Amino acid sequence: MIGRGDFFSFDDVKWAKLFDDKLNGTARCIRLAAPLMRQRRWGRIINVLGGAARQPQPAAVSVGLNNAAILNLIKALAGDLARDNVLINAVIPSVIGSERLDETIRAEAARSGKSEAEMRAQRVSRVPLGRMGEGREVAAVVAFLASERASFVTGCAWNVDGGAAAVI
């Protein structure tokens, strides 16, 4: 999986590409969308980030640094954008049943020699709610942040992780 790997396994070219794709790509999207939202005096920018944004992981250093930088960018822009009723937030899902999680579990199982079922159970064991989340649960938080009901919410990062961030 691109972006995962030991810090020392990245050469300068791969490192720069990862930052150009994730951090700079996010910045480009915000620069393009925000002026239009400001003109309308209404907008919502919602970034979906990984848990490594808040909890560094040795196997995901580049991903974590990218996501942490995006969190910093969100905080930095929130006050300025708020003057034009443009709100910017992040959602940080974790242990959500998905093809990507299945792919990660397969890779971890292959590396560790454990079964996929064992790796899945290990993931779930870190979630206080005792189960994987579902995409619809993440979508519900995104829908809330995109709605008028979230009109007083900006510069925040919302964990959608069954309480896992508190115990990881």
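As the structure is a computational prediction, the values presented were derived from the model and not from experiment.
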>> Any salt bridge linking D20 with R28? Criterion: basic side-chain nitrogen under 4.0 Å from a carboxylate oxygen.
In response: yes
> Can you name the nearest heavy-atom pair linking L81 to A34, along with the distance?
Replying inline: CD2-CB, 4.0 Å
>> Quick check for you: to the nearest 0.5 Å, what is the distance between N24 atom CG and C29 atom SG?
In response: 11.0 Å
>> Could you work out, with salt bridge (charged side-chain N to carboxylate O under 4.0 Å, His left out) as the rule, every residue matching E134, not counting sequence neighbours?
In response: R136
> Which heavy-atom pair separates G135 from I96 by the least distance, and what is that distance?
Replying inline: N-CG2, 3.7 Å
> Does E148 have any salt bridge (charged side-chain N to carboxylate O under 4.0 Å, His left out) partners at least two apart in sequence or in another chain, and if so, which?
Replying inline: R44
> Just how far is it from atom CG of L73 to atom CG of N67, taken to the nearest 0.5 Å?
Replying inline: 12.0 Å
> Is any NZ, NE, NH1 or NH2 atom of the basic residue among R123 and E108 found under 4.0 Å from an Asp or Glu carboxylate oxygen of the other?
Replying inline: yes
>> If you apply the rule side chain to side chain contact (heavy atoms under 4.5 Å, CB included), what do you find for Q39 with L36, and how did you get there?
In response: CA-CA 5 Å; Q39 284 176 349; L36 301 170; 4.0 Å; yes
> Would you call F8 and V61 a side-chain contact if the rule is heavy atoms closer than 4.5 Å?
Replying inline: no
> What do the steps show when you test V153 against L87 for side chain to side chain contact (heavy atoms under 4.5 Å, CB included), and what is the final call?
Replying inline: CA-CA 7 Å; V153 179; L87 310 181; 5.5 Å; no
> Are L77 and I92 co-members of a hydrophobic cluster defined by side-chain heavy atoms under 4.5 Å apart?
Replying inline: yes
>> Tell me whether V63 shares a hydrophobic cluster with V160, the cluster being built from Ile, Leu, Val, Met, Phe, Trp, Tyr side chains joined at under 4.5 Å.
In response: no
> For the atom pair CZ (R106) and CG (L101), what is the distance rounded to the nearest 0.5 Å?
Replying inline: 9.5 Å
>> According to salt bridge (charged side-chain N to carboxylate O under 4.0 Å, His left out), who are the partners of R83, at least two apart in sequence or on a separate chain?
In response: D80
>> Taking side chain to side chain contact (heavy atoms under 4.5 Å, CB included) as the definition, give me every residue that meets it alongside D11, ordered by chain and number, with sequence neighbours left out.
In response: V13, K14
>> If I compare all heavy atoms of A146 with all of I46, which pair ends up nearest, and what's the gap?
In response: N-CD1, 3.6 Å
> How far apart are the closest heavy atoms of A78 and G155, and which atoms are they?
Replying inline: CB-CA, 3.6 Å
> Which heavy atom of P128 sits nearest a heavy atom of A164, and at what distance?
Replying inline: CD-N, 3.6 Å
> When L145 is tested against each of T154, I88, N89 for side-chain contact (heavy atoms from CB on, under 4.5 Å), which residue passes?
Replying inline: N89
>> Counting only heavy atoms not in R131 (residues, nucleotides, ligands), do more than 12 fall under 6.0 Å from its CZ?
In response: yes
> Quick one: side chain to side chain contact (heavy atoms under 4.5 Å, CB included) partners of M37, sequence neighbours excluded?
Replying inline: A33, I45, V86
>> Under 4.5 Å between side-chain heavy atoms, counting indirect links through other Ile/Leu/Val/Met/Phe/Trp/Tyr residues: same cluster for V124 and M119 or not?
In response: yes
>> Checking side-chain contact (heavy atoms from CB on, under 4.5 Å) between V91 and each of N47, L49, N159, V138, which is the one that passes?
In response: V138
> Given the rule in the salt bridge (charged side-chain N to carboxylate O under 4.0 Å, His left out) test, do E116 and R111 qualify, once you have shown the distances and angles that lead to the verdict?
Replying inline: CA-CA 11 Å; E116 289 181 34; R111 275 194 307 276; over 6 Å; no
>> Distance check, rounded to the nearest 0.5 Å: S62 atom OG versus F19 atom CZ?
In response: 6.5 Å
> Are V48 and L71 grouped together when hydrophobic residues (ILVMFWY) are joined by side-chain heavy atoms under 4.5 angstrom apart?
Replying inline: no
> Hey, which of E118, R120, R126 is the one that makes side-chain contact (heavy atoms from CB on, under 4.5 Å) with Q122?
Replying inline: R126
>> Just verifying a value: how many Å separate N66 CG and K22 NZ, rounded to the nearest 0.5 Å?
In response: 7.0 Å
> side chain to side chain contact (heavy atoms under 4.5 Å, CB included) between I70 and L23: does it pass, once the steps are laid out?
Replying inline: CA-CA 6 Å; I70 293 168; L23 174 60; 3.8 Å; yes
> What are the two closest non-hydrogen atoms of V127 and G162, and how far apart are they?
Replying inline: CG1-O, 3.6 Å
> What pairs meet the ring-ring contact (aromatic ring centres under 6.0 Å, His included) rule with one or both residues in residues 117-154, with sequence neighbours excluded?
Replying inline: F144-W158
> Roughly how far, to the nearest 0.5 Å, is the CG atom of N85 from the CZ atom of R41?
Replying inline: 7.0 Å
> Do any N or O atoms from the side chain of R54 and from the backbone of A157 form a donor-acceptor pair under 3.5 angstrom?
Replying inline: yes
> Using 4.0 Å as the upper bound for N to carboxylate O, is an ion pair formed by D21 and K17?
Replying inline: yes
